[in-house]
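Written out below as structure tokens is the structure these notes cover.
What you see is a predicted model, and the numbers here were worked out from it, not measured in a lab. Side chains are part of it too, since the values below use all heavy atoms of this structure and drop only hydrogens, waters and symmetry mates. For ligands, and for the atoms within them, numbers begin at 1 and follow the listed sequence.
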Amino acid sequence: MPTRTRTKTTIGWIGTGRMGYEMAGHLAKAGADVTVWNRTRAKAEPLGKYGAKVADRVAHLADRDIVFCMVSTWNDVKDVMQQLLAGKKQPRIVIECSSISLEGSAELRGMLAARGIEYLAAPVSGNAKVIKAGKLSFVCSGPRKAFDDALPYLEMIGPSASYVGEGELSRIVKICHNVFLGVVTQSLAEITVLAQKAGVPRHAFLEFMNQSVMGSMFTRYKTPAFVNLDFKVTFTPYLLRKDMDLGLDAGRRFEVPMPLAAATRDQIQSMMGRGWTEQDFATLLLQQAQASGVKLEPENVDVKDGLS
Ligand SMILES: NC(=O)c1ccc[n+]([C@@H]2O[C@H](COP(=O)([O-])OP(=O)(O)OC[C@H]3O[C@@H](n4cnc5c(N)ncnc54)[C@H](OP(=O)(O)O)[C@@H]3O)[C@@H](O)[C@H]2O)c1
């Protein structure tokens with residue numbers, strides 16, 4: 001690899017979808033030297049107002065010191081990484097944040113190791129609103145040194161970065177996390193509709209739940225959607241189904257039965273089959289209401305999401 005004479009670490013950012021846009025924006029606002037690339041360039045351009053540069057081609061990020069990647073599936077990651085590494089230049093570290101399989105992550109590690117590039121697998125917990133609120137969490141695995149070098153930049157994006165060990169260990173942590181996200185959301189939909197059908201307004205029920213030992217940052221920030229039926233997308237049903245499938249694949253591989261995950265995966269599939277694909281995955285509530293013979297109306301109550 002050619003010797004670098006620059007002193008300031010340069011960052012490349014691949015993928016400015018819902019998550020990547022906010023994450024790269026935090027880096028740029030914190031004063032990092034960031035160049036972003038997105039397949040649909042128009043989505044990356046507004047980051048210019050925070051000082052980020054926008055590249056025309058992903059290969060233009062190859063001379064950056066650290067390249068982050070935040071796209072959708074393993075196939076998409078592979079696609080952009082092949083473009084990134086097509087030329088002679090290469091970054092020192094790649095930090096891959098999309099939610100992908102252990103197998104995909106291991107294949108990427110092999111591709112990068114063959115070029116002498118350090119690789120940190122760094123998936124995240126939290127949606128774009130969580131990033132805006134400064135509460136995103138990373139779970140990281142790979143060489144400890146790559147983690148230590150990346151940490152100042154991870155901390156510009158979110159306050160918490162856990163190092164869980166070598167290899168692809170962070171991937172299984174993230175897969176487990178999102179299986180829980182799906183199961184909890186389905187369960188929350190079931191009990192919210194049950195309480196409503198028995199006569200309790202959703203806002204009153206969820207206010208109690210959120211303050212109880214069962215409440216969480218997640219139940220609080222999903223409450224406005226459940227109460228006022230605002231399903232502006234934060235995370236698509238398609239991406240959640242991908243994560244449930246990753247969880248079920250891992251369950252098969254490690255021979256762990258996952259009955260709740262399997263049932264939830266099929267609830268998500270049914271919801272998608274009914275055409276609820278473009279809104280937030282919290283439309284699991286609408287499906288549950290329909291299955292219960294309950295007609296939902298927005299309650300138009302000013303409930304807090306716990307983030308602002
Ligand atoms: N949303 C959440 O709450 C959340 C939370 C944690 C983790 N995640 C994970 O984070 C990742 C991104 O999620 P998101 O919600 O930001 O998704 P998103 O809004 O759909 O954005 C996807 C991004 O990937 C790009 N992309 C997809 N396929 C590509 C390809 N073949 N080549 C180049 N670029 C490609 C898209 O480019 P275009 O703009 O051109 O389409 C876009 O920038 C996913 O793995 C997801 O599971 C999401």
Original post:
Can you tell which of Phe281, Trp37, Phe235 gets a heavy atom nearest to atom 2 (C) of ligand 1?
Top reply: Phe235
Original post:
So which of Thr35, Asp65, Asp33 actually passes side chain to side chain donor-acceptor pair (under 3.5 Å) with Thr10?
Top reply: Asp65
**OP:** Identify the protein heavy atom lying closest to atom 28 (N) of ligand 1, giving its residue, its atom name and the separation to 0.1 Å.
**Re:** Asp76 CG, 3.2 Å
Original post:
Considering only the protein, which heavy-atom contact is closest to atom 27 (C) of ligand 1, and what is its distance?
Top reply: Ser72 OG, 3.5 Å
Original post:
Looking just at side-chain N and O atoms, do Ser125 and Ser137 make a donor-acceptor pair shorter than 3.5 Å?
Top reply: no
**OP:** Specify the protein heavy atom at minimum distance from atom 33 (C) of ligand 1: its residue, its atom name, and the distance to 0.1 Å.
**Re:** Val80 CG1, 3.4 Å
Original post:
Looking at Asn127, which atoms of ligand 1 are within less than 4.0 Å of one of its heavy atoms?
Top reply: 3 (O)
Original post:
Does a donor on one side chain sit under 3.5 Å from an acceptor on the other, for Ser101 and Asp249?
Top reply: no
Original post:
So which bit of Asn38 gets within less than 4.0 Å of ligand 1, heavy atoms only: side chain, backbone, both or neither?
Top reply: side chain
Original post:
Which is it for Arg41 and ligand 1 at heavy atoms under 4.0 Å: side chain, backbone, both or neither?
Top reply: neither
Original post:
By number and element, which atoms of ligand 1 are closer than 4.0 Å to a non-hydrogen atom of Thr234?
Top reply: 1 (N), 2 (C), 3 (O)
Original post:
Heavy atom under 4.0 Å from ligand 1: found in Leu239's side chain, backbone, both, or neither?
Top reply: side chain
Subject >> Residue Thr16 vicinity, atoms of ligand 1 by number, heavy atom under 4.0 Å >> reply: 43 (O)
Original post:
Is any side-chain N of the basic residue among Asp76 and Arg39 closer than 4.0 Å to the acidic one's carboxylate O?
Top reply: no
Subject >> Element-labelled atoms of ligand 1 that are located less than 4.0 Å from some non-hydrogen atom of Ser98 >> reply: 45 (O)
Original post:
Are the charged groups of Glu45 and Arg41 less than 4.0 angstrom apart, N to O?
Top reply: yes
Original post:
Judged by modelled atom types alone, do Glu96 and Ser98 share a side-chain donor-acceptor pair under 3.5 Å?
Top reply: yes
Original post:
Can you tell me how far the CG atom of Leu108 sits from the CD atom of Glu168, to the nearest 0.5 Å?
Top reply: 8.0 Å
Original post:
Could you give the distance from CZ (Phe205) to CG (Asn210), rounded to the nearest 0.5 Å?
Top reply: 9.5 Å
**OP:** Looking only at distances, please establish whether an N/O atom of ligand 1 is found under 3.5 Å from an N/O atom of Met19.
**Re:** yes
**OP:** Quick one: look up the protein heavy atom nearest atom 40 (O) of ligand 1 and list residue, atom name and how far away it is.
**Re:** Thr40 OG1, 2.5 Å
Original post:
Can you check whether Lys174 has an N/O within less than 3.5 Å of an N/O in ligand 1?
Top reply: no
Original post:
Which residue and non-hydrogen atom of the protein lie closest to atom 36 (C) of ligand 1, and at what distance in Å?
Top reply: Arg39 NH2, 4.0 Å
**OP:** Before giving the answer on side chain to side chain contact (heavy atoms under 4.5 Å, CB included), spell out for Ser105 and Trp74 the whole-Å C-alpha distance, their side-chain angles and the decisive distance to 0.1 Å.
**Re:** CA-CA 8 Å; Ser105 192; Trp74 160 235; over 6 Å; no
Original post:
Less than 3.5 Å between some nitrogen or oxygen of Arg18 and one of ligand 1, yes or no?
Top reply: yes
**OP:** Among residues two or more places apart or on two chains, list those pairs meeting ring-ring contact (aromatic ring centres under 6.0 Å, His included) that have a residue in residues 269-308.
**Re:** Phe235-Phe281
Original post:
Tell me: protein heavy atom nearest atom 44 (C) of ligand 1, and distance?
Top reply: Val71 O, 3.3 Å
Original post:
Does ligand 1 have an atom that lies less than 4.0 angstrom from a heavy atom of Gly126?
Top reply: yes
Subject >> Shortest protein contact, atom 47 (O) of ligand 1 (heavy atom only) >> reply: Lys242 NZ, 2.9 Å
Subject >> Distance-only N or O hit between ligand 1 and Ser99, under 3.5 Å >> reply: yes
**OP:** For ligand 1, indicate whether the residue Ile100 contacts it via side chain, backbone, both or neither (heavy-atom separation under 4.0 Å).
**Re:** neither
Subject >> Numbered atoms of ligand 1 (with element) below 4.0 Å of Asp79, judged on heavy atoms >> reply: 31 (N)
Original post:
Would Lys295 and Glu297 count as a salt bridge (charged side-chain N to carboxylate O under 4.0 Å, His left out) if you check the C-alpha gap in whole Å, the side-chain angles of each, and the deciding distance to 0.1 Å?
Top reply: CA-CA 7 Å; Lys295 185 160 166 27; Glu297 298 292 348; 3.3 Å; yes
**OP:** Check ligand 1 against Met70 and write out every atom of the ligand that is under 4.0 Å from a heavy-atom position of the residue.
**Re:** 10 (O), 11 (C)
Subject >> Ion pair Lys232/Asp280, N-O distance below 4.0 Å >> reply: no
Original post:
Any N or O of Gly15 that comes nearer than 3.5 Å to an N or O of ligand 1?
Top reply: no
Subject >> NZ/NE/NH1/NH2 to OD/OE distance under 4.0 Å, Arg265 and Asp245 >> reply: yes
Subject >> Contacting atoms of ligand 1, where contact means under 4.0 angstrom from a heavy atom of Lys43 >> reply: 38 (P), 39 (O), 41 (O)
Original post:
What residue and heavy atom of the protein are closest to atom 21 (O) of ligand 1, and at what distance?
Top reply: Gly17 CA, 3.4 Å
Original post:
Side chains of Gln83 and Arg57: donor-acceptor distance under 3.5 Å anywhere?
Top reply: no
Original post:
Looking just at side-chain N and O atoms, do Ser170 and Tyr163 make a donor-acceptor pair shorter than 3.5 Å?
Top reply: no
